[in-house]
Amino acid sequence: MAKEKMNYTQNRELSWLRFNQRVLEEARAESVPLLERLKFASIFTSNLDEFFMIRVGNLYDMAAVDNKKVDLKSGMTPSEQLKAIYAAAAPLYKERDKTYTEICKQLSAYGISDMDIKDLEAQEKKFVKKYFKDQILPVLSPQIVDVNHPFPHLLNKEVYVVANLRLEERSMMGIVPIPQFVSPIVYLPGHDVRYVRMEKVILEYMDLIFGQYQVSDKNYICVTRNADISPDDDAYADNDDFRFVMQKALHKRRRKAVVRLETASSLGKEMEKFFCEKFKISQECIFKTKVPMKLDFIFSVIEKVPDSMKRSLTDEPFTPQPSGSVAEGSVMAQVKRRDILLSYPYESMEPFLQLIREASVDPDVMTIKITIYRLAKKSRLVEYLCAAAENGKEVTALIELRARFDEQNNIDWAERMEEAGCRVIYGFEGYKVHSKLCLITYRSRNEIRYITQIGTGNYNEKTAKMYTDFSLMTANQTIGEDAAVFFKNMAISNLHGAYQHLIVSPTSLKQNVLMLMDEEIKKGTSGRILMKMNSVTDIDFIRKVAEASRAGVKIDLIVRGICCVLPGIPDETENLTVTSIVGRYLEHPRVFVFGTGDDKKVYIGSADMMTRNTEKRVEVACPIYDPGIKKQLVRYLSIMLADNVKARSMTSDGTYRKKKSAERSVCAQEIFMKEAMHAKRPARMEEKKSILERLRRAVPRQLRK
């Protein structure tokens, strides 16, 4: 197949690496408090882990099946993409090493130190050695690797200490898994937060572990395995319960091929050759890192820091605020009167949870239906849904068991809900259900009425405090009727339903977005497109963006992560800007605005403009009809475009640069936090009546007429 390359597109994987580089830049930013910088280093690391497990793993699978197939956006084969990824990742490792070292150096001035054993005082060394002998050595499972002892299966993203062993004329490898049930760090005695990582402790005492051997070339390693599981295979058709298929797939994930090997120090030639042969990898897949291979422990370190010190090392605490759109009292009653939009994490998720709680006991409510993609480990939402079922409501939950890395959590919640009497369904073969939709059906004066909630993010009470998202609650009857049709279609596996207001993938979402863009293209230089999402990869959307730009339409895309369309390409995308914001909170809303003035059309939804979302997922976007909420969303996007603190603009070569500092600093997330803190909640209806009554009494009788 001939290679195709459009001059205004770039490879999605390299674009993603640039996104993660922006995360790393936050870890380097001196304006960010030190412990927050440490968190960004951890986020960068976990992002990179998942990237290698999923995206690189997927490319390995593609290379094995059809290595001649080319990526339309870059013209590269899977093997060429892999080579480019490994080359692009290498400098990021060096930058992360430098960043982490600098953060640790500055934290040591506060008594927070990741220590090497050689730098400990004599008494501290004695303490660590005793701890090792008493608490660690008895639970270790060391082994040698020789003719009689085969090389063990190394678990994905677990750390192992390795060394060369020699006994008389025999040479072999020694390998020690770090037990998953022991603490990853050993805190040293004293008031300061000083600690030694477990891999360093085990490395130090390898001589004690392998007592009769001469130990050399000590190191610790970590393998990353392909975790891109695809459960949509023949097993699906042969099994009545999709949960069993997913559990088998999760087991399979643990044993898939190695795509990366991380080492603490350079490997000797013999050991490097051994690992390359054993894991079937090349040298480019080996990355040396000074940074801990698992950084999860830093959150427990941060917890241990005294509050008095933590204040100067972390962001000022912020708690999601009561919504300025919701008065005290019944949320259901308020939604029946007017649409309500919640903005997470600036506003609390509480009004939505209260809505479900009220519905669970309301005698007029008949059914509650909801799509669930990710849930918190502890979920009040599920408890309220279970209570509704136990109170005689018909509760239907469409739970997506293939929400990556949350599969087991969702399986557990599905079982809990079934036990409570909820009806649980699992969606479609080959299509993930990613929509965020909830429908409450109730009876009012012998009429069937609806309250619908449409969100841009998951029903996860934990991430609602960390991710920015929107949640619309509306009693609009026509939207509710569409939602009712949607849930009926989900229950009977109909992907091709027709809707009057909601736009739904895989059938109508992309088509409607492209049609709305066509309407702006017809306006020429008067056209306007403003969209916010997490990623842009869909080739049809990208081509339409270029067409709109060529027609003179002003297009602003706010894209946190991957963006495969390049701005500023002559005669192609000169009227396009791409802005990315990486800040305190993870930017997550999907908002689409077409046109200007009172006629503008505004949608919120669950879908990014990625092929997987538009063609292989069930997604829902909803029109905003309330003029006040329309203005609120457009203002929100305008402030994000004006951000000159955390925003970066993409250049025509795909790299990003910070916006030029202006006389007035604009940090969108800080503005939204401050506005939420100072928002005034509307008075309760009974309070309004009381105020009106007092005013009426204050007016002289002769003037009341």
Side-chain angles (χ1 to χ4, degrees), residues 12-57 84-107 112 114 156-157 159 184 197 222-224 227 259-264 285-302 313-315 404-405 463 466-468 534-535 559-563 580-588 646-648 650 654-658 669:
R12 65 164 283 169
E13 319 305 349
L14 299 181
S15 176
W16 185 91
L17 286 172
R18 284 170 172 158
F19 153 67
N20 211 27
Q21 185 176 20
R22 299 195 290 281
V23 175
L24 188 58
E25 286 173 6
E26 288 301 299
R28 290 165 44 199
E30 292 183 4
S31 60
V32 177
L34 276 172
L35 289 178
E36 302 296 343
R37 290 170 62 185
L38 195 60
K39 288 181 189 176
F40 276 111
S42 176
I43 294 167
F44 169 88
T45 300
S46 60
N47 283 351
L48 198 61
D49 291 344
E50 184 172 337
F51 174 75
F52 271 93
M53 284 189 277
I54 304 303
R55 295 306 309 167
V56 175
I85 287 167
Y86 285 114
L92 291 179
Y93 266 86
K94 292 181 180 177
E95 195 61 50
R96 184 185 63 166
D97 282 353
K98 180 181 174 184
T99 301
Y100 184 80
T101 301
E102 181 58 32
I103 293 170
C104 288
K105 181 181 177 182
Q106 292 188 42
L107 283 174
I112 305 168
D114 181 347
N156 181 44
K157 284 306 297 175
V159 181
R197 302 202 310 268
C222 181
V223 299
T224 306
V259 296
R260 177 182 63 169
L261 173 63
E262 295 174 295
T263 70
C285 303
I286 301 174
F287 294 90
K288 187 177 78 170
T289 176
K290 297 176 183 176
V291 176
M293 295 161 190
K294 295 173 72 174
L295 269 171
D296 301 354
F297 69 84
I298 68 157
F299 295 96
S300 67
V301 170
I302 292 170
L313 297 174
T314 58
D315 287 326
R404 188 171 286 138
F405 301 121
T463 57
M466 299 184 290
Y467 296 2
T468 65
N534 301 326
S535 299
V559 185
R560 183 193 78 224
I562 302 165
C563 185
S580 173
I581 292 180
V582 177
R584 175 172 178 171
Y585 300 115
L586 181 87
E587 288 295 334
H588 199 247
K646 296 297 183 182
R648 295 168 177 83
M650 187 197 282
T655 58
Y656 286 78
R657 63 180 177 215
K658 279 226 170 182
Q669 293 188 354

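One N or O on the side chain of Asn20 and one on the backbone of Phe44 form a donor-acceptor pair closer than 3.5 Å. Judged by distance alone, with hydrogens and angles left aside, the side-chain atoms of Gln669 form a donor-acceptor pair with the main-chain N or O of Arg584 at under 3.5 Å.
The distance from atom CG of Asp49 to atom CD1 of Ile54, rounded to the nearest 0.5 Å, is 11.0 Å. With rounding to the nearest 0.5 angstrom, the OG1 atom of Thr224 is 12.0 Å from the CZ atom of Phe51. Note that CZ of Arg657 is 13.5 Å distant from CZ of Arg648, once rounded to the nearest 0.5 Å. Atom OG of residue Ser46 and atom CE of residue Met53 lie 9.0 Å apart, to the nearest 0.5 angstrom. Here Leu313 contributes atom CG and Leu107 contributes atom CG; the two are 6.5 Å apart, rounded to the nearest 0.5 Å. The NZ atom of Lys39 sits 12.5 Å away from atom CD1 of Ile103, with the distance rounded to the nearest 0.5 Å.
Listed here is the closest heavy atom pair of Thr263 and Ile286: CG2-CG2, 4.1 Å. Scanning all heavy atoms of the two residues, the minimum distance from Gly583 to Phe40 falls at O-CZ, 3.3 Å. The two residues Leu92 and Ala88 make their nearest non-hydrogen contact at CG-O, 3.7 Å. For Ala27 against Ala41, the heavy-atom pair with the smallest separation is CB-N, 3.8 Å. Contact detail for Ser580 and Val559: the closest heavy-atom pair is CB-O, 3.3 Å. When every heavy atom of Ser15 is checked against every heavy atom of Cys563, the shortest pair comes out as OG-N, 2.9 Å.
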### Task
Take Arg560 and Leu586 through the test side chain to side chain contact (heavy atoms under 4.5 Å, CB included) and record every step on the way to the result.
CA-CA 8 Å; Arg560 183 193 78 224; Leu586 181 87; 3.7 Å; yes
### Check against side-chain hydrogen bond (donor to acceptor under 3.5 Å, both in side chains), Glu587 and Thr468
CA-CA 5 Å; Glu587 288 295 334; Thr468 65; 3.0 Å; yes
### Task
Would you please test Arg12 and Arg55 for side chain to side chain contact (heavy atoms under 4.5 Å, CB included) and show each step?
CA-CA 10 Å; Arg12 65 164 283 169; Arg55 295 306 309 167; 3.5 Å; yes
### Task
Could you go through the side chain to side chain contact (heavy atoms under 4.5 Å, CB included) check for Met466 and Thr463 one step at a time?
CA-CA 5 Å; Met466 299 184 290; Thr463 57; 4.2 Å; yes
#### Entry: Candidate pair Ser42 and Asp296, rule side-chain hydrogen bond (donor to acceptor under 3.5 Å, both in side chains), full reasoning
CA-CA 7 Å; Ser42 176; Asp296 301 354; 5.1 Å; no
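In this structure, Lys658 places its NZ atom where more than 12 heavy-atom neighbours from other residues, nucleotides or ligands lie under 6.0 Å away.
Taking 4.0 Å as the cut-off between side-chain N and carboxylate O, Arg18 and Glu25 do not count as a salt-bridged pair. Using a 4.0 Å cut-off between a side-chain N of Lys or Arg and a carboxylate O of Asp or Glu, Arg28 and Glu102 do not qualify as a salt bridge.
Residues Asp315 and Pro33 have side chains in contact (heavy-atom distance under 4.5 Å, counting atoms from C-beta outward). Residues Glu26 and Lys646 meet the side-chain proximity criterion, which asks for heavy atoms closer than 4.5 Å. The side-chain heavy atoms of Thr101 and Lys98, taken from C-beta on, include no pair separated by under 4.5 Å. Contact check for Leu17 versus Leu48: side-chain heavy atoms found under the 4.5 Å cut-off. The shortest distance between side-chain heavy atoms of Pro292 and Ile298 does not fall below 4.5 Å. Proximity of Leu34 to Ile112: side-chain heavy atoms (C-beta onward) are nowhere separated by under 4.5 Å. With a 4.5 Å cut-off on side-chain heavy atoms, Val259 and Tyr86 count as touching. Taking 4.5 Å as the limit, every side-chain heavy atom of Arg260 sits out of range of all side-chain heavy atoms of Val56.
His588 and Tyr467 have tilted rings, their planes meeting at an angle from 30° to 60° on a 0 to 90° scale. Classification of the Phe287-Tyr93 ring pair by plane angle, with boundaries at 30° and 60°, yields parallel.
The cationic atom of Arg22 (NZ for Lys, CZ for Arg) lies less than 6.0 Å from the six-membered ring centre of Tyr656 and within 45° of the ring axis.
Residues satisfying the ring-ring contact (aromatic ring centres under 6.0 Å, His included) criterion with Phe299, sequence neighbours excluded, are absent altogether.
When each of Lys294, Glu262, Arg197 is paired with Val159, the side-chain contact (heavy atoms from CB on, under 4.5 Å) condition holds for Lys294 and for no other.
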